[in-house]
Structure formats: structure tokens, C-alpha cells
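Heads up: the structure comes next, in C-alpha cells.
The first residue in the sequence is number 1, and the count goes up from there. Since the structure is predicted, the reported quantities are computational estimates derived from the model, not experimental observations.
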Amino acid sequence: MGAHGSNLDDILEEDMHHWYTKFMRESPSGLMTLFELKMMLEMSGMTEEASSYVDQVFFTFDMDGDGYIDFVEYIAAISLLLKGEVNQKLKWYFKLFDHDGNGKIDKYELETIFKAIQDITRSYDIPPEEIVTLIYERIDVKGEGELTLEEFISGAREHPDIMDMLTKMMDLTHVLEIIIKGQQQKAGN
């Protein structure tokens, strides 16, 4: 495995004390704000959509809705991203996509998130419109133009190509690597 893989293996092998130390070094108050997350991810110069995506990621990990990510939420997020089972990840993806919180995701919400992800990753292989069209052609069996959680999960599980596309699009290991790199640089100072 290259440096990318071994770096993530190292992340998985670290114990809670090390994770806690890293978190407290980044957020001495014990709470991470949205602003601190954006600073850590070096968000300056990003599009409004990319910034909105980071907002949505933050709020899905802020499980108690208090406006902060505490250590427990931080560990839960890392665990989900690195080791979560398929259904857990699909539920998280759905919550992330459901920007207005109405329990359904429409084409606009999905396209907006995919554009933002591409802005952050700087990977523009497939236009977001094509991805959204494919997902809705395959998964939206009722043709309503929106998907419920159940439709989204069953559709993604029934279509391995869609599941693979979602997994690649939603791979946030680069975000974790930025966090780890930033914490290592601060520790060296």
C-alpha cells in the first residue's frame, strides 16, 4: 500500500488517548466550531457551494445540534468514515444530501452536493448532472423526482455501479488527511 493507505492504517491503529490529544490540540476548548473546521480545511477561495457542503458535513456530525463538534462526535464521525458499514454510510449520505431536512432528496439537492464535492476535491471527471440523471433513472422507480431514505438505500444497494460511484464521490479520507496533516504541523511547532 502507498503512503495514502498506510497513513489511514496508522489513523485506525491509534488509541483514544492519541485521538483526544489531537482533538484538544486543534480545539483546546474541547469543542470545534464550523469556523475552526473551515480554517483547518483551508477553505479560503472555495466556491459558495463547496463552503455550503462543509457546513452540511459539520451539521450532520453535530449530532446534538449545539453548533459544536465535541470529542465524542469527532470520534463517531471518523469511525463512520473509516469503518462504518454500508447502511450507516448510506444513512449519513442521505442526511447530508437532504439539505432542507424534509426527509427526501431531490435532484437539485443532489446536484448541489456533487458540485461542491468536485470543487473541494478538484476532480471533475463526470458532470454532476450526469451522475444525478443516472441515479434518478435507476433509483426513482416511482418517477417522483425525489427519493426517500428507503428508496435511496435499497436503490444504492441494488445497483453496485451507483454504490461504487457514491462511495468514490463521498470518500472523505482527503479531509481526514488534511486534519491529520494540520495537527502534525501544529504539534511540530
Side-chain angles (χ1 to χ4, degrees), residues 1 4-14 16 19 23 32 34 37 40-41 49-50 52-65 69-121 123 125-126 128 130-141 146-180:
M1 248 201 241
H4 174 81
S6 62
N7 203 8
L8 292 178
D9 291 341
D10 293 343
I11 292 169
L12 287 171
E13 290 174 11
E14 292 187 43
M16 272 317 136
W19 277 110
F23 181 81
M32 183 182 298
L34 177 58
L37 178 65
M40 191 169 36
L41 297 177
E49 287 168 333
S52 177
Y53 169 70
V54 172
D55 294 355
Q56 191 70 5
V57 168
F58 180 88
F59 293 120
T60 59
F61 287 143
D62 177 16
M63 294 171 218
D64 59 8
I69 294 177
D70 62 27
F71 180 68
V72 172
E73 292 165 331
Y74 176 76
I75 288 298
I78 289 170
S79 178
L80 171 69
L81 293 174
L82 295 178
K83 302 198 277 189
E85 94 176 28
V86 173
N87 273 2
Q88 290 173 315
K89 286 184 178 184
L90 286 172
K91 284 178 185 173
W92 183 75
Y93 295 165
F94 185 88
K95 185 177 177 184
L96 184 65
F97 297 151
D98 184 15
H99 195 263
D100 62 9
N102 70 350
K104 297 178 181 181
I105 48 177
D106 60 37
K107 291 179 180 182
Y108 176 77
E109 288 172 316
L110 208 51
E111 194 173 307
T112 301
I113 290 290
F114 288 154
K115 282 180 183 174
I117 291 168
Q118 288 183 343
D119 286 343
I120 290 170
T121 62
S123 171
D125 298 340
I126 305 170
E130 285 183 31
I131 299 168
V132 171
T133 299
L134 176 67
I135 288 172
Y136 277 86
E137 283 175 357
R138 298 265 188 88
I139 298 179
D140 186 15
V141 290
E146 51 187 20
L147 301 171
T148 64
L149 176 62
E150 295 75 26
E151 289 172 317
F152 178 72
I153 289 176
S154 65
R157 291 186 74 102
E158 288 170 18
H159 299 282
D161 57 332
I162 290 177
M163 186 68 197
D164 187 50
M165 189 184 334
L166 286 170
T167 301
K168 286 178 182 164
M169 285 285 292
M170 300 305 296
D171 179 9
L172 297 180
T173 52
H174 65 283
V175 172
L176 289 175
E177 287 175 346
I178 290 169
I179 292 169
I180 299 302

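Applying the side chain to side chain contact (heavy atoms under 4.5 Å, CB included) test to Gln88 and every residue at least two apart in sequence or in another chain returns Leu80, Glu85. The ring pair (Phe, Tyr, Trp, His ring centres under 6.0 Å) test applied to Phe97 returns Phe114, Phe152, not counting sequence neighbours. Applying the side-chain hydrogen bond (donor to acceptor under 3.5 Å, both in side chains) criterion to Glu146, with sequence neighbours excluded, gives Lys104. Considering only residues two or more places apart in sequence or on other chains, Thr60 meets the side-chain hydrogen bond (donor to acceptor under 3.5 Å, both in side chains) condition with Trp92. For the side-chain hydrogen bond (donor to acceptor under 3.5 Å, both in side chains) test, residues two or more places apart in sequence or in another chain that qualify with Asp161 are Arg138. Asp64 is linked by a side chain to side chain contact (heavy atoms under 4.5 Å, CB included) to Asp62, Asp66, Asp70, Glu73, counting only residues two or more places apart in sequence or in another chain. By the side-chain hydrogen bond (donor to acceptor under 3.5 Å, both in side chains) test, Glu151 pairs with Thr148, sequence neighbours left out. The salt bridge (Lys or Arg N to Asp or Glu O under 4.0 Å) search around Glu111 returns Lys115, not counting sequence neighbours. Listed by chain and number, the residues in a side chain to side chain contact (heavy atoms under 4.5 Å, CB included) with Asp164 are Lys168 (sequence neighbours excluded).
Rounding to the nearest 0.5 Å gives a distance of 11.5 Å between NZ of Lys95 and CZ of Phe59. Summarising the geometry, atom CD belonging to Glu158 is positioned 8.5 Å from atom CD1 belonging to Ile139; distances are rounded to the nearest 0.5 Å. How far CG of Leu166 is from CD1 of Ile135: 5.0 Å, rounded to the nearest 0.5 Å. Here the straight-line distance linking atom CE of Met163 with atom NZ of Lys89 works out to 8.0 Å at 0.5 Å rounding. In this structure, the separation between NE2 on His159 and CG on Leu134 is 9.0 Å, given to the nearest 0.5 Å.
Screening Asp106, Val141, Ile105 for a side chain to side chain contact (heavy atoms under 4.5 Å, CB included) with Leu147, the sole residue that qualifies is Ile105.
In this structure the side chain of Ile131 never reaches within 4.5 angstrom of the side chain of Leu110, judged on heavy atoms. Side-chain contact between Met63 and Val72 is absent, with no heavy atoms from C-beta onward closer than 4.5 Å. Between Asp140 and Lys107 there is no side-chain heavy-atom pair separated by less than 4.5 Å. In this structure the side chain of Phe61 reaches within 4.5 angstrom of the side chain of Val57, judged on heavy atoms. A 4.5 Å side-chain heavy-atom check between Val132 and Tyr108 finds every atom pair outside the cut-off.
Summarising the geometry of His99 relative to Glu109, their closest heavy-atom pair is N-OE2, 3.1 Å, with the distance given to 0.1 Å. Across all their heavy atoms, Leu90 and Ala156 have their closest contact at CD2-CB, 3.8 Å.
Using a distance-only test at 3.5 Å, with no hydrogens or angles considered, no donor-acceptor pair links the side chain of Asn87 to the main chain of Lys91.
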